[in-house]
Amino acid sequence: MKPNWRFLLQVLRWTRNTWRSDLRSLFMERYVWTSHPYCAYTMVDKLFNPFTLLVGPILVTYLCVKAAKGDYHLPVWKIVLSYMAWLTVTRTLKLLPHLWKRPQDIIHVPAFIAFGYYFAVMKLYALFTLHEVGWGTRAGIGDATQALNALNAQNDTATPSAGGTPYQEKPYDPEAANYASQRR
């Protein structure tokens, strides 16, 4: 199975869109606070979640460095073990409704924990790259010249029709082609 990087770019685009939408709803439009207070609460929770999730490993690393120098009362292995136990217990409790129905999925808890950290990093990356508004999964979107080149490349590789001649599709938007030729 090959990795699908296009899907990850799509998820990144969706995450950026969620940041923009939530920030707009909470701080610009603001009617969500009065009309849907629970929705506003969950939006605020989603804003702080990636930061708070990543504070745990940072603090554990700090305590481990302190313990390795002898400046902390617990040994490193106890710090790491207690953190791993805490993660496993709390994340398993979060999945408990699902695990009641499918107890065999308990083996997927470590993947659930790892994905949570990966997604927290992705959410922070999306926050700091909100200025990027391209699709990420389509060649040429956002620039008319690149879009026209991508369309021409697609038309050049069109499959032949039943008569044996290649199927030629007209450009999607002739004005875009005109615009692209004027920009050169």
Kindly check if the number of other-residue, nucleotide or ligand heavy atoms within 6.0 Å of CZ (Phe51) is above 12? yes
Enclosure of Tyr62 OH (heavy-atom neighbours >12, cutoff 6.0 Å): no
For atom NZ of Lys46, decide whether the heavy atoms of other residues, nucleotides or ligands shown that lie under 6.0 angstrom number more than 12. yes
Identify whether Val76 and Val60 are in the same connected component of the hydrophobic contact network (ILVMFWY, side-chain heavy atoms under 4.5 Å). no
Is there a side-chain contact between Cys64 and Tyr72 in this structure, where contact means two heavy atoms from C-beta onward sitting under 4.5 Å apart? no
Would you say Leu53 and Phe48 make side-chain contact, with heavy atoms under 4.5 Å? no
Determine yes or no for a side-chain-to-main-chain donor-acceptor pair under 3.5 angstrom, with Trp19 supplying the side chain and Lys123 the backbone. yes
Main-chain N/O of Lys78 paired to Ser82 side chain as donor or acceptor, under 3.5 Å: yes
Side chain of Thr52, backbone of Asn49: donor and acceptor closer than 3.5 Å? yes
Do Ile113 and Val109 touch side chain to side chain, with heavy atoms closer than 4.5 Å? yes
Does the plane of the ring in Phe119 sit parallel, tilted or perpendicular to the ring in Phe115? Use 30° and 60° as the thresholds. parallel
Side chains of Lys69 and Val65 in contact at under 4.5 Å (non-hydrogen atoms): yes
Output the distance between atom CG (Leu99) and atom CD1 (Ile106), rounded to the nearest 0.5 Å. 4.5 Å
May I ask you to decide if the ring planes of Trp33 and Phe27 are parallel, tilted or perpendicular, using 30° and 60° as cut-offs? tilted
Hydrophobic cluster identity match, Leu124 and Tyr118, side-chain contacts under 4.5 Å: no
Salt bridge (Lys or Arg N to Asp or Glu O under 4.0 Å), paired with Glu132, selected from Arg20, Arg16, Arg13: Arg16
More than 12 foreign heavy atoms under 6.0 Å from NE2 of His36: is that the case here? no
